[in-house]
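In what follows, a single structure is set out as structure tokens and then discussed.
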Amino acid sequence: MRVLGVAPQLRTTDLEASITFWTQVMNQALAFRVGDFYAGIQAGAQVIHLKRVDAPDPSIAFVAQGDHLHLWLETDDVDAAAAALLARGAALRSPPHDTDWGTRELILVDDQGHTIHLAQPVKPAT
């Protein structure tokens with residue numbers, strides 16, 4: 001079996017706010033929408049699914065307490081992404097920083113509280 005893509009699903013209690021976050025703050029395109037309960041956000045070659053639910057996603061608190069993440073998205077320039085995100089009103093949980101595992105990352109949360117890491121590979125120190 002060869003996997004050709006991944007489509008994570010984030011739960012939201014406010015589909016409109018989540019679409020706005022992903023299209024205006026994250027600057028991604030709306031790929032599709034199904035009524036008032038489901039949408040897809042085109043993020044590079046992948047699609048992030050948004051599903052409206054009645055109660056907040058219980059994983060949000062778990063992820064925050066355990067220093068986990070909901071999404072890890074690779075980009076080509078974390079510093080430029082940080083500047084653009086800040087200009088569009090995003091609040092960064094952690095500014096761009098180098099990691100021990102060879103990436104430069106920033107951390108932010110979406111309108112619902114999901115933890116998102118943006119990362120770019122960096123060359124190891126020689």
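Atoms considered below: every heavy atom in the structure, side chains included; atoms not considered: hydrogens, waters and symmetry mates.
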Under a 4.5 Å cut-off applied to non-hydrogen side-chain atoms, are Gln112 and Thr13 in contact?
yes
Output the rest of the hydrophobic cluster of Val78: all Ile, Leu, Val, Met, Phe, Trp and Tyr residues reachable through side-chain heavy-atom contacts under 4.5 Å, sorted by chain and number.
Leu10, Leu15, Ile19, Phe21, Trp22, Val25, Met26, Leu30, Ile41, Ile48, Leu50, Leu71, Leu73, Leu85, Leu86, Leu92, Leu106, Leu108, Ile116, Leu118
Does Tyr38 have any ring pair (Phe, Tyr, Trp, His ring centres under 6.0 Å) partners at least two apart in sequence or in another chain, and if so, which?
His49
CA sep, side-chain torsions, deciding dist, call: Asp77, Gln120, side-chain contact (heavy atoms from CB on, under 4.5 Å)
CA-CA 6 Å; Asp77 189 338; Gln120 82 180 73; 4.1 Å; yes
Non-hydrogen side-chain atoms of His68 and Phe62 separated by less than 4.5 Å:
yes
Considering all heavy atoms, the nearest Gln46-Val6 contact:
OE1-N, 2.8 Å
Main chain of Glu105, side chain of His97: is a donor-acceptor contact present, judged purely on distance under 3.5 Å?
yes
Pair Glu16 + Arg33: basic N to acidic O under 4.0 Å
yes
For Glu74, what residues pass the salt bridge (Lys or Arg N to Asp or Glu O under 4.0 Å) criterion, not counting sequence neighbours?
none
Under the ring pair (Phe, Tyr, Trp, His ring centres under 6.0 Å) test, which residues partner His114, sequence neighbours left out?
His70
Got Thr103 and Trp72 here, is their nearest side-chain heavy-atom distance under 4.5 Å?
yes
Can you tell me if Arg93 and Thr115 form a side-chain donor-acceptor pair at under 3.5 Å?
yes
Apply side chain to side chain contact (heavy atoms under 4.5 Å, CB included) to Ala29 and list each qualifying residue two or more places apart in sequence or on a separate chain.
Gln42
Which residues satisfy the side chain to side chain contact (heavy atoms under 4.5 Å, CB included) test with Asp98, sequence neighbours excluded?
Arg104
Can a donor-acceptor pair be found between the side chains of Ser59 and Asp57 at a distance below 3.5 Å?
yes
Hey, are the side chains of Arg88 and Gln24 touching, using non-hydrogen atoms and a 4.5 Å cut-off?
no
